[in-house]
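Contents: one structure, followed by commentary.
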Amino acid sequence: MKKIVSAILILVTLSICIGCEVQEHTYIISERTCNTMFSHPPEEWEEVANISYWIQGEYVSADVDEEGNLVLVLNDKHIWHWKRYIEEDLKKMLEADKRDGEEYGFIINEDYTELIYMTDRSFYFGSMIKLGYLIPYCGIMQMLIGIDP
């Protein structure tokens, strides 16, 4: 009886593992968009990504096609990692704005296509630094949810 139950459990486990195949997603990112989202042209992306503490190793492949576009392949695990990292970083930035007790900060809509950033003149340069993160993050999140950034 133990052997039969063990065999059934093994078969069920194998069928679940086979059914949970990780899908790969290919993104074709133009040179201009790549420069905006990653601050580097496609031919430098992999070198920069490998030293980035949050991208490092979290992609299947990155190549440049004959038109100069970055062809980036991510699997479901990588997409989950990228989304989680960006969402956590956005949350930290928003919490920092709230701690300052001001009516400033940012609002991003659900599909990351609209960004409103409110600041006053005294914090103008600090705001530009934050926008330097927000704009690329919005573009990357658009890409990951299937919108052309």
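It should be emphasised that the depicted structure is a prediction, and the values quoted were computed from it without experimental measurement. Sequence positions, counted from 1, serve as the residue numbers for this chain.
- Under the side-chain hydrogen bond (donor to acceptor under 3.5 Å, both in side chains) criterion, K83 pairs with no residue at all, not counting sequence neighbours.
- Classification of E88 and K92 as a salt-bridged pair fails, no side-chain N sitting under 4.0 Å from a carboxylate O.
- Linking Ile, Leu, Val, Met, Phe, Trp and Tyr whenever their side-chain heavy atoms come within less than 4.5 Å leaves V64 and V48 in two separate clusters.
- For CZ of R32, the number of neighbouring non-hydrogen atoms (other residues, nucleotides, ligands) closer than 6.0 Å is 12 at most.
- Side-chain polar atoms of Y53 and Y85 form a donor-acceptor pair below 3.5 angstrom.
- The aromatic rings of W54 and W82 lie perpendicular to each other, with more than 60° between the two planes, well past the 30° mark.
- Remark: I28 CD1 is loosely packed, at most 12 non-hydrogen atoms of other residues, nucleotides or ligands lying under 6.0 Å away.
- When only modelled atom types and interatomic distance are considered, D89 and Y137 share a side-chain donor-acceptor pair under 3.5 Å.
- Cluster annotation: I108 is connected to M141 through the hydrophobic network of ILVMFWY side chains, with a link wherever side-chain heavy atoms come within less than 4.5 Å.
- Checking side-chain atoms of Q142 against main-chain N and O of Y112 turns up a donor-acceptor pair under 3.5 Å.
- Every residue two or more places apart in sequence or in another chain was checked for a salt bridge (Lys or Arg N to Asp or Glu O under 4.0 Å) with E46, and none qualifies.
- Contacts of E43 classified as salt bridge (Lys or Arg N to Asp or Glu O under 4.0 Å), with partners at least two apart in sequence or in another chain: none.
- Other residues, nucleotides and ligands contribute more than 12 heavy atoms inside 6.0 Å of the CD atom of Q56.
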